[in-house]
Every structure is written in C-alpha cells, then in structure tokens.
Amino acid sequence: MQSTHCQARVNAVINTFEDVKIERLEAGKLTVSIGRNEIEEELLSAITNAGYTVMAERDEKSSNCTTGCCG
C-alpha cells in the first residue's frame with residue numbers, strides 16, 4: 001500500500017462498509033475504527049481479497065488493522 005493507487009484501492013474497499021472509519025492512511029499502514037465488531041472478519045476478508053496482507057492489531061478503544069502493499 002505504498003503507492004497512491006494502492007491506498008485508493010484500499011480506501012475504496014473500506015468505504016463499502018458503513019460502520020468503518022479510516023483513522024489514518026499512510027504508506028504501508030492503515031488504521032480504522034470499526035463501529036460493530038461483527039463486521040471485522042468481513043472487512044479483513046475484503047481487504048485481503050483486494051490483494052493486501054492484513055495484520056490485525058487491537059487496542060482497548062477500537063479494532064484496528066494494518067495492511068501491507070500488494071501482497
């Protein structure tokens with residue numbers, strides 16, 4: 001997710017989810033807030049299906065995921 005193109009692809013995937021808010025999007029890293037924990041697996045699957053590797057990291061306040069570029 002280093003390139004602007006990759007960031008746009010991941011952004012488009014996330015925007016299909018109503019209860020997900022992008023907190024931070026930068027080269028190689030994405031942080032989101034998930035409004036309903038029930039959609040977390042669906043979100044991770046959608047990002048993976050778009051061609052990105054997801055390493056989920058959680059904090060006490062929200063669910064977060066980090067993606068790597070193109071694989």
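Atoms considered below: every heavy atom in the structure, side chains included; atoms not considered: hydrogens, waters and symmetry mates.
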Check: Judged by atom type as modelled, is there a donor-acceptor pair below 3.5 Å linking the side chain of Asn15 to the main-chain atoms of Asn11?
Finding: yes
Notebook entry, point to check: Pairs in or reaching into residues 30-39: which pass salt bridge (Lys or Arg N to Asp or Glu O under 4.0 Å), with residues at least two apart or in two chains?
Noted result: Asp19-Arg36
Margin query: Could you report the tightest heavy-atom contact between Glu26 and Gln7, atom names first, then the distance?
Written below: C-NE2, 3.5 Å
Margin query: Nearest 0.5 Å, please: how far is CD in Glu42 from CG in Asn49?
Written below: 10.5 Å
Notebook entry, point to check: Which pair of heavy atoms, one from Phe17 and one from Ile39, lies closest together, and at what distance?
Noted result: CD2-CD1, 4.3 Å
Check: What's the verdict on side-chain contact (heavy atoms from CB on, under 4.5 Å) for Ile22 and Leu25, showing C-alpha distance, side-chain angles and the deciding distance?
Finding: CA-CA 7 Å; Ile22 296 174; Leu25 178 59; 4.0 Å; yes
Next item on the list: Quick one: pull up OG in Ser33 and CD in Glu23 and give me the separation to the nearest 0.5 Å.
Entry: 3.0 Å
Check: Is the backbone N or O of Leu44 less than 3.5 Å from a side-chain atom of Thr48, with the two atoms forming a donor-acceptor pair by type?
Finding: yes
Next item on the list: List the steps, then state whether side-chain contact (heavy atoms from CB on, under 4.5 Å) holds for Val32 with Ile34.
Entry: CA-CA 6 Å; Val32 299; Ile34 300 173; 4.2 Å; yes
